[in-house]
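Ligands are counted one by one from 1 in listed order, and the atoms in each one are counted from 1 as well. One-based numbering along the sequence shown. These numbers come from a predicted model, not from an experiment.
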Amino acid sequence: MTENTAPASPVDPTTTDAWRALEQHDAELYGSLREWFESDPERTRKHSHSAGDLFVDLSKNLVTDETVGLLLRLAEETGVLQRRDAMVRGEHINTTEDRAVLHTALRRPAGASPALEVDGQNIDEDVHSTLDRIAEFARAVRSGEWTGVTGKRIETVVNIGIGGSDLGPVMVYEALRPLADAGISARFISNIDPTDVAQTTEDLDPETTLVIVASKTFTTLETITNARLVRTWLLDGLAAKGVGEDRRDDAVAKHFAAVSTALDKVEEFGIDPKNAFGFWDWVGGRYSVDSAIGTSLAIALGPEVFAELLAGFHTMDEHFLTAAPEENVPLLMGMLNIWNVNFLEAETHAVLPYSQLLHRFPAYLQQLTMESNGKSVRWDGTAVTCETGEIFWGEPGTNGQHAFYQLIHQGTRIIPADFIAFAEPNHPLKDGETDVHELFLANFFAQTKALAFGRTAEEVEAGGTEGALVPARMFSGDRPTTSIMAPKLTPSTLGQLIALYEHITFVQGAVWGINSFDQWGVELGKQLAKDLAPAVSGDQAAMEAEDQSTRALIEFYRGSRR
Ligand code: F6P
């Protein structure tokens, strides 16, 4: 399993012995979670594992010991761990862009031995010298040594980015916000809907605002447009406070920083290269929160918190790289997703954090998983041979319980769900004598229990229900869930959780034979938006060239716009 060569062409998973055995096993699988739990008192012990600080209970999934054995065989026959090893060695497994995939290098500790050298570059040195510069910048801003152009301390850092240059920083900031202790809050602008800029800046003071333009390519229409809008807002606001034309360059230098792999474009935009933090083409956008893309986090939460976050990622990387397959949580969870998607025909996957602080985690995961694995061709250009990329979605519990859980409990579709919770509350409030966090966790425990074991007709009737109401109040059970618990939501456990899902995503992509690290599917819409701009602005010739539906929509827009 730990051989060192990556397969050149993907193995077609559906032609493997393991796949055929899984099909057969699926057809013959009988019993229910109730029966499997009753007949095997060791079930939870066997199917729960530790990874770093996370305790992961897989026992409420629709699997037996044999299923798990066959899934691990499938991982072996499709070369998942060889591909993992090729990834961390820096091989160009992102074939369509001819790039290495090295987000794991972003969190290697300083001085890790042996040093990681790829394509002639000492990756560890590059990563740590950038981290040091970010920490220095963050400390200067946090201490007040760095001020705005009028000498005032920075109170708000505004990150302008979209996709991976936004979702990770927002999610982590929201999750760790209680740790923001320097009187600096973070805000995020992503949407090209001008409302986003207008609302985010409306109560901000330009004198105390630092803007970070975060864009891997520094060409993304939304980000560059928003950066220009905010630059105008900032310069106009400062001019109103007496900062004259002659100090405009100073103003940009003191209020704008940038994060990008394209530092030449940053300079063209007018941002001082001293305020620019780089990263590398081997970091995918959706895998970049732990790169310089996290600069807003280092400022608002502190470089020490950012370092703990990275250490958490690394803990999970080490687990993924070294744990035996039978204990390897990302491998097992990735393979369970294969089981759910390709054998049990699940189309979606819910992620339900029982933590208000993780309210943006499902949105973050949507980009991570769906931009990675929403593919129909394999890395050699041939068509995939089975379903790929399930739809990830979710909301924090308990809010979801009062919205969509009905369908998970009693609908006709199978929806595997990950439940995530933390033992320690971030806010230990009491309602009289009642510890409210305990009430919250009681809900977490109750939901996975109800989904697994359901309620039979006899149990419903025993409660005094009769007639047609009985089937309405029955729960079939056998609704698969995974429970993930950690002692507390900390920078480290958050890093572990994010890395866990990165590696789960990797495992699934490796089995399906797809390149989880490109995103060509976003290109056509971007191109067409540019092409359509003249027609939207009233160019008749451009309008004529459009299809009838697009024309009708633009005509409606132009007719309605006052
Ligand atoms: O359009 C998709 C995408 O390329 C994402 O993969 C990326 O995270 C996002 O756009 C933002 O890109 P950039 O950081 O280059 O502005």
*Asks:* Starting at CG of Asn515, measure out to OG of Ser372 and round the result to the nearest 0.5 Å.
*Replies:* 9.0 Å

*Asks:* Indicate, as side chain, backbone, both or neither, the part of Lys216 found under 4.0 angstrom from ligand 1 when only non-hydrogen atoms are considered.
*Replies:* both

*Asks:* How close does the nearest protein non-hydrogen atom get to atom 9 (C) of ligand 1, and which residue and atom is it?
*Replies:* Ile162 O, 3.6 Å

*Asks:* Of all the atoms in ligand 1, which lie at a distance below 4.0 Å from a heavy atom belonging to Val522?
*Replies:* 1 (O), 2 (C)

*Asks:* Looking only at non-hydrogen atoms, which of Thr220, Ile160, Leu167, Thr261 approaches atom 16 (O) of ligand 1 most closely?
*Replies:* Thr220

*Asks:* Can you see whether Trp379 has Arg83 sitting over its ring - NZ or CZ less than 6.0 Å from the centre and within 45° of the normal?
*Replies:* yes

*Asks:* Any nitrogen or oxygen of Ser215, main chain or side chain, under 3.5 Å from a nitrogen or oxygen of ligand 1?
*Replies:* yes

*Asks:* Do any N/O atoms on Phe218 end up under 3.5 angstrom from N/O atoms on ligand 1?
*Replies:* no

*Asks:* Starting from atom 15 (O) of ligand 1, which protein heavy atom do you reach first, and at what distance in Å?
*Replies:* Thr217 OG1, 2.6 Å

*Asks:* Test side chain to side chain donor-acceptor pair (under 3.5 Å) on Glu390 and Asn340; report intermediate values, then the result.
*Replies:* CA-CA 9 Å; Glu390 68 273 46; Asn340 289 329; over 6 Å; no

*Asks:* Which of the numbered atoms in ligand 1 are under 4.0 angstrom from any heavy atom belonging to Ser165?
*Replies:* 13 (P), 14 (O)

*Asks:* With the threshold set at under 4.0 angstrom, would you say Glu222 reaches ligand 1 through any of its heavy atoms?
*Replies:* no

*Asks:* Do NZ/NE/NH1/NH2 and the carboxylate oxygens of Lys526 and Glu222 come within less than 4.0 Å?
*Replies:* no

*Asks:* State whether the number of non-hydrogen atoms from other residues, nucleotides or ligands found under 6.0 Å of Arg360 atom CZ is greater than 12.
*Replies:* no

*Asks:* Provide, to 0.1 Å, the distance between atom 6 (O) of ligand 1 and the closest protein heavy atom, together with that atom's residue and name.
*Replies:* Glu371 OE1, 2.7 Å

*Asks:* Would you call Asp317 and Arg108 a salt bridge, using N to O less than 4.0 angstrom?
*Replies:* no

*Asks:* Out of Asp290, Val289, Leu106, which one pairs with Leu310 under the side chain to side chain contact (heavy atoms under 4.5 Å, CB included) rule?
*Replies:* Asp290

*Asks:* Hey, do the aromatic rings of Phe361 and Tyr501 have their centres closer than 6.0 Å?
*Replies:* yes

*Asks:* Would you mind listing which atoms of ligand 1 come within a distance below 4.0 Å of any non-hydrogen atom of Gly164?
*Replies:* 7 (C), 8 (O)

*Asks:* Decide whether the shortest distance between a heavy atom of Glu523 and an atom of ligand 1 is less than 4.0 Å.
*Replies:* no

*Asks:* Output yes when Arg133 and Glu136 qualify as a salt bridge under the 4.0 Å nitrogen-oxygen rule, no when they do not.
*Replies:* no

*Asks:* Looking at atom 10 (O) of ligand 1, what's its closest protein heavy atom, distance included?
*Replies:* Lys526 NZ, 4.6 Å

